[in-house]
2 protein chains.
Amino acid sequence: MSRCENCIIRQFNSLRAMNKEELKKVSDTKISKTYKKGEAIFEEGERLDGVFCVREGVSKLSKLSANGKDQIIKLATKGEILGQRSVIAEESANLSAVAIKDMDVCFIPKESILHTLNTNPNFAVEVLRHMANDLREADDVIVNMSQKTVKQRIAEAFIYLKDSFGEDSDGFLKLSLSREDMSNVVGTATESTIRIISEFKKKGMIETKGKKVKISNLTKLQSVISGL
Amino acid sequence: MSRCENCIIRQFNSLRAMNKEELKKVSDTKISKTYKKGEAIFEEGERLDGVFCVREGVSKLSKLSANGKDQIIKLATKGEILGQRSVIAEESANLSAVAIKDMDVCFIPKESILHTLNTNPNFAVEVLRHMANDLREADDVIVNMSQKTVKQRIAEAFIYLKDSFGEDSDGFLKLSLSREDMSNVVGTATESTIRIISEFKKKGMIETKGKKVKISNLTKLQSVISGL
DNA sequence: TTTAAAATATGACAAATGTCAGGTTTAAAC
DNA sequence: GTTTAAACCTGACATTTGTCATATTTTAAA
């Protein structure tokens with residue numbers, strides 16, 4: 001079994017602030033898991049007794065609204081830790097986490113996390129910094145959601161996918177979302193998303209090949225976001 | 001000058017996790033300030049060298065969007081600490097804080113906050129819990145913003161004002177927002193807000209007297225939020 | 001008090017977005 | 001390979017929301 005001490009993923013998250021001893025405990029108690037695309041890591045309302053460190057793949061974090069639609073709050077990938085907020089607040093999960101690309105994940109029981117928080121200020125501050133960052137991002141999403149049009153939000157989403165997940169050698173986005181997931185990210189109806197994507201294609205901003213999407217004119221896409 | 005050790009406000013926020021010595025330092029370095037309605041405590045982009053503990057009054061935390069509109073992210077009142085996120089993340093302020101009711105505030109230089117964070121795990125965990133709560137609230141706002149209609153969001157806002165700030169002896173909301181501020185909370189045009197408030201009045205859900213607002217039929221308001 | 005400015009209000013219309021109903025294409029299961 | 005289901009697409013239309021123009025009321029300033 002691989003050891004957390006050697007895990008490169010750790011460098012990207014707050015676990016890097018743990019000392020040797022603490023890491024050993026985590027390593028001894030962690031459980032490796034895999035999830036196929038579409039499988040849930042946890043569901044909204046579920047009691048979590050640990051956190052999930054993403055080693056590979058991508059997960060969508062979403063919440064069901066009263067009208068039955070799923071709002072995707074965030075996409076989490078390699079290095080991110082899921083469930084941390086719930087474990088710290090000692091609440092049940094506020095969001096569901098579902099794999100949108102096959103995932104390798106380490107489950108870490110909450111005891112070692114909570115114990116380290118209470119004894120190692122470096123770790124606590126590191127976690128705090130991460131959460132402060134998440135909070136800023138969430139605030140920014142609120143502003144985008146309420147002040148930008150659907151068209152602008154979809155254009156932003158494509159650029160976000162490019163910046164966060166990259167492109168392959170042919171220039172196609174490494175992560176492409178289904179129209180439905182895209183709709184749930186920007187908070188609109190699937191038909192609206194489809195229509196706008198068609199429009200972007202016609203205007204030569206993006207092109208598609210099967211499920212893959214390529215941004216062919218970044219400048220135009222960006223101009224959609226800023227003005228009109 | 002009043003001492004933090006005796007400050008009742010402290011019981012409502014993370015400062016309660018400070019020990020005697022730490023509190024003394026805060027008390028010795030804090031600066032009391034007052035802000036009139038409309039005055040800014042800090043502006044988006046500003047470098048903060050401390051946090052602001054609200055002793056009295058109400059502040060709106062907002063962010064300017066590209067189209068020039070202000071989105072209000074949160075209302076902060078007695079007991080809340082402003083600027084904490086920015087100080088912890090060592091970033092400039094992501095939001096502006098402006099008084100919407102005359103305020104008494106204590107400014108606390110960041111040094112004592114950061115020092116305590118790094119040495120007192122109880123305090124760090126307490127701050128972390130608060131931020132975890134803020135993050136959940138922000139996620140919930142994202143869902144509301146993208147999945148509910150303007151009418152539903154305005155109905156929710158009135159109930160939020162009632163629950164968070166209370167009513168006076170005549171049943172009027174203790175905190176009432178201008179139509180413009182209300183628009184910036186729910187993320188819509190001022191005219192839309194005015195129209196919907198007029199409709200609520202006609203339907204007997206709320207009534208007004210000068211600037212004051214009374215919720216006269218809570219059940220009806222709630223039914224607006226849930227169904228249609 | 002008078003005056004000016006801001007906040008509130010309403011109508012008319014345009015633009016954005018949602019909904020429903022039917023298609024076609026693509027991917028997956030058998 | 002055939003079948004079946006899911007994903008994608010498009011049109012027509014209803015609804016929601018934004019914008020502009022203008023009027024009234026309220027508040028603040030002189």
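Chain A is the first sequence line, chain B the second, and so forth, proteins listed ahead of strands; every chain is numbered from 1. Because only heavy atoms are used, hydrogens play no part in the values below, and waters and symmetry mates are left out as well, while side chains stay in.
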May I ask you to evaluate whether [X] reaches the phosphate of [N], defined as a side-chain N or O under 4.0 Å from OP1 or OP2?
X: B/Thr188; N: D/dG18; value: yes
X: B/Lys151; N: D/dT17; value: no
X: A/Ser192; N: C/dG18; value: yes
X: A/Lys69; N: C/dT19; value: yes
X: B/Lys211; N: C/dA7; value: no
X: A/Ser198; N: D/dT10; value: yes

Rounding to an integer number of Å, can you tell me how far [X] [atom1] sits from [N] [atom2]?
X: A/Lys202; N: D/dC8; atom1: NZ; atom2: C1'; answer: 14 Å
X: B/Glu180; N: C/dA6; atom1: CD; atom2: C1'; answer: 10 Å
X: A/Arg179; N: C/dA27; atom1: CZ; atom2: C1'; answer: 14 Å
X: A/Arg153; N: C/dT17; atom1: CZ; atom2: P; answer: 7 Å
X: B/Lys148; N: D/dT17; atom1: NZ; atom2: P; answer: 14 Å
X: B/Ile194; N: D/dT26; atom1: CD1; atom2: C1'; answer: 13 Å
X: B/Asn67; N: D/dT17; atom1: CG; atom2: C1'; answer: 14 Å
X: B/Lys37; N: D/dA28; atom1: NZ; atom2: P; answer: 8 Å

### Summary
By nearest-heavy-atom nucleotide on DNA chain D, the more 5' of B/Ile196 and A/Lys201 is A/Lys201

## Note on the structure
Comparing nearest nucleotides in DNA chain C, the 5'-proximal residue of the pair A/Gly210, A/Ala189 is A/Ala189

### Query
Among side-chain atoms of A/Thr34 and A/Asp104, is any donor-acceptor pair under 3.5 angstrom?
no

### Task
Tell me yes or no: between the side chains of A/Asn94 and A/Lys63, is some donor less than 3.5 Å from an acceptor?
yes

### Task
Please say which of A/Leu64, A/Ile72, A/Ile73 ends up in a side-chain contact (heavy atoms from CB on, under 4.5 Å) with A/Leu95.
A/Ile73

### Message
For a quick check, tell me whether the side chain of A/Glu191 and the base of C/dC20 share a donor-acceptor pair closer than 3.5 Å.
### Response
yes

### Task
Mark yes or no for a side-chain to base donor-acceptor pair under 3.5 Å between A/Arg195 and C/dG18, with no hydrogen or angle criteria applied.
no

### Query
In terms of the angle between their ring planes, are B/Tyr160 and B/Phe165 parallel, tilted or perpendicular, with boundaries placed at 30° and 60°?
perpendicular

### Query
Would you call A/Lys74 and A/Glu137 a salt bridge, using N to O less than 4.0 angstrom?
yes

